[in-house]
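A short write-up of the structure that comes next.
Whatever order the structure lists them in is the order used to number ligands and atoms, beginning at 1. Just so you know, residue 1 is the first one in the sequence shown, and it goes up from there.
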Amino acid sequence: MSELKDIFLAKSDVKAHDLEHKRKINFNIDKYNAAVIKGKEQFALLETARKQAKNIKWKAIEQLDKHLELFEKNFQEHGGKVIWAEDKEDALNAILAICKEKNARTIVKSKSMVTEEIHLNKFLEDNDIESVETDLGEYIQQLDGEPPYHIVTPAMHKSKEDIAALFHEKLGVPPGLSPTELTLVARERLRQKYTEAQIGITGGNFLIADTGAVCLTENEGNGRLSTAFPDTHIAIVGIEKVLPTLSDLGLFWPLLSTFGTGQNLTVYNSIFTGPKQAGENDGPREMYVILLDNGRTNLLRKEVRESMYCIRCGSCLNACPVYKNIGGHSYGTTYSGPIGAVISPHLSDMHDYGHLSYASSLCGNCTEVCPVKINIHEMLLENRHIYTEEKHGGVKEKLAWRMFKTGVLHRGLMNTANGKIKNFVFEKAFKSAWGDRRSKLVFAPKSFNEMWKERKKKG
Ligand code: SF4
């Protein structure tokens, strides 16, 4: 068993019994669920929209190389610079080189899971560069020294009272401030950072191949401020975020908003096609896009290729009974919940993260709620298959299943032992896999076949 699996099990056990955690999560997810029902009303043909989105992503990913090269060509034509990063180190080194060239001491960052994935803040901090999160949820998490809890709502596990206490402790403001007052405190502190920063770093929700554009979706305006004030803008985006054409946004923007937060459309949707052009007043002098692979091309294998269609709306997390019980931090990965369990073993390491695919009841709710109709629960099964085939789960369980298979496929063998013996063998063989929280599996004293024979004898 990998060390990370042990940690995952220990953390999950604690969270699953934390009733206060459950109360906060259910409160926030209930609000989300109510909003999504309303948001979906904007689609006259929701199923058609979802199928169309899946087809567009299929097209984008089937010709990923072509679309990325087209993006690069078009983006460069507007004066933008493109950096291809094969892994985390490539991306971090490129960012550091730009920071050194610009003599940057302060960076403002809008919300981006990719920068979490490459641990950018820590890296910059180690290089004496201040990196300030400007999304309110991320700002709260940064103050608390915690990674995001959820891919869309980073501080979902915190109540307004928790945040008031955190601001009081870390920023010295009076205790018990209201949400409006807390927002104003953050806003005042962040405004100053925007004007000080030399570089703004963002992620990107979509890359548009035919126009060479990076699209950013956010609700607070922090993304726009992070890109408008500093002289340099770096957008770091996973290669799977590509869409073939600008007109695809007409479908993807409302889908992302509705399934992400229940809104018809997110408040700020920006399209960046490069740095400020001659005659323009706003925007950075230089703009870079870092196209990040970092294991994404591993997802192109046929069993999990559909996971490349993910638009990171977070809907499958909110729908997952396991996520709601164990919370986002137990996973120990940047991407948590069902989609995190699918992609993390391929982005990182099957041995270290393959166990996450077992953290699912396979109820299929994740697949049901996905706006791009990704077959998530089937890919969890595919991962389990790969995990077992590659023997990451250890040989013990594999042997136990082989014994079980041999037994159930041979009637004679099944009849040689009574229920008591079968219970004993099963308990010994599957002890660790079955766990101690499930009720015991009890075999009938006699098999159906034995009972059938007896009945026939009686005539
Ligand atoms: S897998 Fe689907 S539901 Fe889950 S985050 Fe991605 S797009 Fe949203």
Side-chain angles (χ1 to χ4, degrees), residues 28-29 32-33 35-37 39-40 43 46-47 49-58 60-61 111-114 116-117 137 148-154 156 203-207 215 217 237-243 248-249 251-263 266 296 299-300 303-324 327-328 331 333-347 353 356-357 359-383:
N28 285 323
I29 292 183
Y32 162 86
N33 287 338
V36 171
I37 292 172
K40 282 181 181 168
F43 294 94
L46 181 60
E47 272 311 289
R50 292 171 71 201
K51 280 183 195 158
Q52 196 183 348
K54 185 170 190 172
N55 284 340
I56 293 171
K57 281 304 290 188
W58 171 81
I61 299 300
K111 186 180 168 299
S112 145
M113 290 310 289
V114 163
E116 294 293 335
E117 180 185 329
Y149 176 91
H150 185 281
I151 58 176
V152 174
T153 329
M156 187 192 243
N205 298 87
F206 304 106
L207 291 166
C215 308
T217 288
V237 192
I239 52 173
E240 81 285 9
K241 293 290 181 76
V242 76
L243 289 178
D248 295 331
L249 288 176
L251 176 61
F252 279 86
W253 268 346
L255 268 185
L256 177 58
S257 311
T258 296
F259 285 81
T261 55
Q263 292 164 282
T266 313
R296 282 164 175 74
L299 292 170
L300 287 171
E303 298 95 326
V304 288
R305 183 176 281 219
E306 273 190 21
S307 66
M308 297 274 274
Y309 305 171
C310 176
I311 56 171
R312 306 278 188 266
C313 72
S315 188
C316 58
L317 280 65
N318 301 337
C320 177
V322 174
Y323 182 89
K324 284 193 270 191
Y331 290 78
T333 50
T334 306
Y335 306 102
S336 55
I339 190 64
V342 171
I343 64 176
S344 302
H346 301 279
L347 292 182
Y353 295 105
L356 295 179
S357 300
S360 167
S361 61
L362 298 180
C363 63
N365 211 15
C366 45
T367 303
E368 195 95 348
V369 299
C370 176
V372 273
K373 294 180 90 65
I374 300 174
N375 223 333
I376 307 169
H377 69 294
E378 292 222 5
M379 287 189 298
L380 289 170
L381 272 177
E382 292 287 0
N383 270 0

For I376, the ligand 1 atoms with a heavy-atom partner under 4.0 Å come out as 1 (S)
Test applied, side-chain contact (heavy atoms from CB on, under 4.5 Å); reference residue, L299; option that passes from H346, M379, R305, E306: H346
Criterion side-chain contact (heavy atoms from CB on, under 4.5 Å) against C215, the qualifying member of D248, L249, L256: L249
Check the pair Y331 / Y353 against side chain to side chain contact (heavy atoms under 4.5 Å, CB included), numbers first and verdict last. CA-CA 9 Å; Y331 290 78; Y353 295 105; over 6 Å; no
Under 3.5 Å side-chain donor-acceptor pair for Y149 and S336: no
For atom 8 (Fe) of ligand 1, which protein N/O/S atoms are closer than 2.8 Å? C313 SG
Exercise: identify the closest heavy-atom pair between A341 and L380: CB-CD2, 3.7 Å
Find out whether the Lys NZ or Arg CZ of R312 is both under 6.0 angstrom from the six-membered ring centre of Y335 and within 45° of the ring's axis. yes
